[in-house]
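This report refers to the structure that appears directly beneath it.
These numbers were taken from a predicted model, which means no experiment stands behind them.
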Amino acid sequence: MTGAEREQFLAELHVGVIAVERPDRAPLAVPIWYGYEPGGEVLLWTESGTRKERVIRAAGRFSLTAQVEQPPYRYVTAEGPVTSIDPATPDIARAIAVRYLGPTAGAEFVEQNLTPNSVVIRMRPERWLSTDYSKE
């Protein structure tokens, strides 16, 4: 994929899988909802103090993979440093939830799940891997 194709693919709706280094075990790999717009940062909404947040904070970086699970297979992996971990705002949480659930269910999800401990983790993609088997 070209750079523009990779960024557009990552911006499409996919459940991502993050992978984060850990010193004492294999990397933590978990599925996650995320936000991304071409040229921007990857956004994750999670709770402070969770295993995911603690491991990302300690590593200072993570990778995110998004894929199409039907032929022709395609995937994109973006890797980079965490640029910030800040309290989640309702607007950012809503944008991520609406992306996956639609306007009504997304708004309800935020109402039920946004807490004072919610954080948004931002990552700036620096390295990319991608394959589009429809081009072969």
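Taking the ring-ring contact (aromatic ring centres under 6.0 Å, His included) definition, one finds that Tyr100 meets it with Trp33, sequence neighbours left out. A search for side-chain hydrogen bond (donor to acceptor under 3.5 Å, both in side chains) contacts involving Glu5 returns Thr2, Lys135, not counting sequence neighbours. For Ser130, there are no side-chain hydrogen bond (donor to acceptor under 3.5 Å, both in side chains) partners at least two apart in sequence or on another chain. In this structure, the salt bridge (charged side-chain N to carboxylate O under 4.0 Å, His left out) partners of Arg124, at least two apart in sequence or on a different chain, are Glu126. In this structure Glu7 satisfies the salt bridge (charged side-chain N to carboxylate O under 4.0 Å, His left out) test with no other residue, sequence neighbours excluded. For Thr104, the side chain to side chain contact (heavy atoms under 4.5 Å, CB included) test picks out Glu108, with sequence neighbours left out. Residues passing the ring-ring contact (aromatic ring centres under 6.0 Å, His included) test with Tyr75, sequence neighbours excluded: none. Under the rule for a side chain to side chain contact (heavy atoms under 4.5 Å, CB included), the partners of Arg57 that lie at least two apart in sequence or sit in another chain are Glu53, Ile85. Legend: residues meeting salt bridge (charged side-chain N to carboxylate O under 4.0 Å, His left out) with Arg122, ordered by chain and number and at least two apart, are Glu41. For Thr65, the side-chain hydrogen bond (donor to acceptor under 3.5 Å, both in side chains) partners are Thr77, not counting sequence neighbours.
Looking at heavy atoms from C-beta onward, Trp45 lies in side-chain contact with Val110 at the 4.5 angstrom threshold. Looking only at side-chain heavy atoms (C-beta outward), Phe9 and Val68 come within less than 4.5 Å of each other. Side-chain contact between Pro27 and Glu21 is absent, with no heavy-atom pair separated by less than 4.5 Å. Trp128 places a side-chain heavy atom less than 4.5 Å from the side chain of Leu10. At a threshold of 4.5 Å between non-hydrogen side-chain atoms, the residues Val82 and Ile121 count as touching.
Taking hydrophobic clusters as Ile, Leu, Val, Met, Phe, Trp and Tyr residues chained together by side-chain heavy-atom distances below 4.5 Å, Met1 does not share a cluster with Leu129. Clustering ILVMFWY residues whenever any of their side-chain heavy atoms sit less than 4.5 angstrom apart, transitively, puts Leu13 in the very cluster that holds Tyr36. No path of Ile, Leu, Val, Met, Phe, Trp and Tyr side chains, each step under 4.5 Å between heavy atoms, connects Val98 with Val120, placing them in separate hydrophobic clusters.
Residue Arg22 places its CZ atom among more than 12 non-hydrogen atoms of other residues, nucleotides or ligands, all under 6.0 Å distant. Within 6.0 Å of the CD atom in Glu111, the count of heavy atoms belonging to other residues, nucleotides or ligands does not exceed 12.
Taking Ile, Leu, Val, Met, Phe, Trp and Tyr as members and joining any whose side-chain heavy atoms lie under 4.5 Å apart, directly or through other members, Val17 forms no hydrophobic cluster with any other residue.
Taking all atoms of both residues into account, the shortest heavy-atom contact from Lys52 to Ile32 is CD-CD1, 3.7 Å. The two residues Ile96 and Leu44 make their nearest non-hydrogen contact at CD1-C, 4.4 Å. When all heavy atoms of Ala11 and Arg99 are compared, the pair lying nearest together is O-NH1, 2.8 Å. Nearest heavy atom pair, residue Val15 against residue Pro31, reads CG1-CB, 4.0 Å. Pro125 and Val42 make their closest contact through CG-CG2, 4.1 Å (heavy atoms, listed as atom of the first residue, atom of the second, distance). Between Val20 and Ala59, the closest heavy-atom pair is CG1-CB, 3.7 Å.
If you take OG1 on Thr131 and CD on Gln67, they are separated by 11.5 Å, rounding to the nearest 0.5 Å.
For residues 67-94, every residue pair satisfying the salt bridge (Lys or Arg N to Asp or Glu O under 4.0 Å) rule, not counting sequence neighbours, is listed here: Arg61-Glu79, Glu79-Arg127, Asp91-Arg94.
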Notebook entry, point to check: Under the side-chain contact (heavy atoms from CB on, under 4.5 Å) criterion, do Thr46 and Ile56 qualify, and how do the steps go?
Noted result: CA-CA 11 Å; Thr46 190; Ile56 291 171; over 6 Å; no
